[in-house]
Amino acid sequence: MAKRTITPRSEDYSQWYVDVVLQAQMADYAPVKGCMVIRPNGYAIWEKMQAALDGMFKETGHQNAYFPLLIPESFLHKEAEHVEGFSPECAVVTHGGGKPLEEPLVIRPTSETIIWAMYKKWIDSHRDLPLLYNQWANVVRWEMRTRLFLRTTEFLWQEGHTAHATEEEAEEETLRMLGIYRKFAEEYMAMPVICGRKTEKEKFAGAVRTYCIEAMMQDGRALQVGTSHNLGQNFAKAFDVTFQDEQGQRQYVYATSWGASTRLIGGVIMTHSDDDGLVVPPRLAPLPVVIVPIWPKEELRPTVLEGIDKITRDWRDLKFHVDAREGYKPGFKYNEWEIRGVPIRVEVGPRDLEKEQVVFVRRDNGEKIFVPASEARAKIDEVLNAIQTNLFENARKRMEDRTVVIDNYEEMKRLNEENSGFFWAHWCGDRACENRLQEETKATIRCLPFDQRKEPGKCLLCGKPSSERVLMAKAY
RNA sequence: CGGGGCGUAGCGCAGUCUGGUAGCGCAUCUGGUUUGGGACCAGGGGGUCGUUGGUUCGAAUCCAAUCGCCCCGACCA
């Protein structure tokens, strides 16, 4: 039996990531460049994510709907910034049924245009508002450079599209959804995030304001894991969507959109996994517990399995799997389940049965815990919670350790080169400085963070006055 | 689009420089012994060497063209 090996993070972080994804069988490369197959081990995590997010969307009054994949090319051209931003990365269908189409159809890169074309039909009165729709869908963006989960030509996501009577309501919705993403990232993914607003340069094409959550990966680089846009009246004007207010006046509708994608899976991998493979936070683990029976002699197999059966009789509310495969040694099974990131491995052998105990092994820190069999079920919940907390705490510490408040550009360049990480630095607000930062350091302004005290200072690049710090980092 | 790498068995690779009719590891199949951290022994099956054309008595190997994928940059969730 050969050892499959995962490239250590210290040797090559990118290769480590690819090794984990492929060996944990989360995804595989598809025949078309930039496309991937999401395999059951990866898709099951997506389903857990969907369930959690979908629940939170519904709790806040949103409904799911589905809009078509194909969008008339002309729709994209109705909003000037939008077309400029998305045209270069659109896949376009030019033929159908063996004949050239009268109008080419783009495969949605995002659905604002087709949705607002429909909203025009559905919105007429202030009584029709707010309209709070979400859809779970696939989109296609023809990216130059792709990476499994983090950036693929086709990806899965959810996109919320809401319509409101007032600017204030739209802004409130935009921030509410950002808050949901933050909650999801922290409580489910065990991934701390920085919330903030994007710069004009980085905002969504067609938005008035874009908010985002940014997480730090283990190599110190940033990953944008969710965005929420206040679209103002831009799309309402482009698609002529108006409503009659209570005074009988016609007004343009205010819009928001917000999305999170299968990139979240890449984020969770890059945040918690280690050189032994995947580590999945318990709240997202499709399989939280695996039981590996141990029989030193073949004759003991039935006894051990019966013992496990007895111990787990009252575990009906827990998802677990007994790996009773014959012909594989326990060590092989341990390694396999470690690569797949199962949070708790339970070992049960004849010696344990004699002592009426089981052995837990934690995936996050390798700790072995001996537990009386009668207390095992309760202990599992306790340990799962501990793992969830520990993963978050580790990620939080790492982010803290690799975040520096900085006022010296040369020093920032040096640290960024050596170690990447997050930099809190002053910025004058000038696009020229923002461009220069990117050219010279490959870092970008990730956002203007919410959580900070306003303080006067000088722009890291040009020295002109600045009123607050921004978050700079190299990003995926 | 620029730079780099690679297409040979299901997977990972050697063989290419110096042409002679394809090999290794893993996986797989059969039988047996094993099973508390990636088991061992024996036997078996599996490849028009990415594609096309050329040179040659003979091409995985030399020449030309072409297609594709991966990695690094510019663009981006």
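Here is how names work: the chains are called A, B, and so on, in the same order as the sequence lines, proteins then strands, and each is numbered from 1. This is a predicted model, so every value here is computed, not measured. All values below come from the heavy atoms of this structure, side chains included, with hydrogens, waters and symmetry mates left out.
One C1' atom belongs to B/A60, the other to B/G15, and the distance between them is 8 Å to the nearest Å. B/U51 and B/U30: their P atoms are spaced 32 Å apart (whole Å). For the C1' atoms, the distance linking B/C70 with B/G50 amounts to 15 Å, nearest Å. Here the separation of B/U8 from B/G44, taken at their C1' atoms, is 22 Å to the nearest Å. Rounded to whole Å, the C1' atom of B/A74 lies 35 Å from the corresponding atom of B/U16.
In this structure, A/Leu223 and A/Glu326 both approach RNA chain B, and ranking their closest nucleotides by distance from the 5' end singles out A/Glu326.
Nearest heavy atom pair, residue A/Tyr17 against residue A/Gly266, reads OH-CA, 3.4 Å. Here the closest heavy-atom approach between residue A/His82 and residue A/Phe235 is recorded as ND1-CZ, 3.5 Å.
The six-membered or imidazole ring of A/Trp46 lies away from that of A/Trp157, with a centre-to-centre distance of 6.0 Å or more.
Residues from residues 343-358 of chain A with heavy atoms under 4.0 angstrom of RNA chain B, sorted by number: A/Arg345, A/Glu347, A/Gly349, A/Pro350, A/Arg351, A/Asp352.
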Under-3.5 Å N/O pairs linking protein and nucleotides 67-70 of chain B:
| from | atom 1 | to | atom 2 | distance (Å) |
| --- | --- | --- | --- | --- |
| B/C69 | OP1 | A/Lys33 | N | 2.7 |

What's touching nucleotides 73-75 of chain B from the protein side, N or O pairs under 3.5 Å?
| from | atom 1 | to | atom 2 | distance (Å) |
| --- | --- | --- | --- | --- |
| B/C75 | O2 | A/Glu143 | OE1 | 3.4 |

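Under the salt bridge (charged side-chain N to carboxylate O under 4.0 Å, His left out) criterion, A/Lys183 pairs with A/Glu187, not counting sequence neighbours. A/Asn419 is linked by a side chain to side chain contact (heavy atoms under 4.5 Å, CB included) to A/Arg402, counting only residues two or more places apart in sequence or in another chain.
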For RNA chain B, please output the secondary structure as dot-bracket, reading 5' to 3'. Pairs are Watson-Crick or G-U wobble, both atom distances under 3.5 Å; mark crossing pairs with [ ], other-strand partners with |, unpaired with a dot. ((((((((.[[[[.)....(..]]]].((((((.....)))))).....[[[[[..)....]]]]])))))))....

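What separates OH of A/Tyr334 from C1' of B/G37 is a distance of 7 Å, to the nearest Å. Separating the CG atom of A/Leu22 from the P atom of B/A27 is a distance of 19 Å, rounded to the nearest angstrom.
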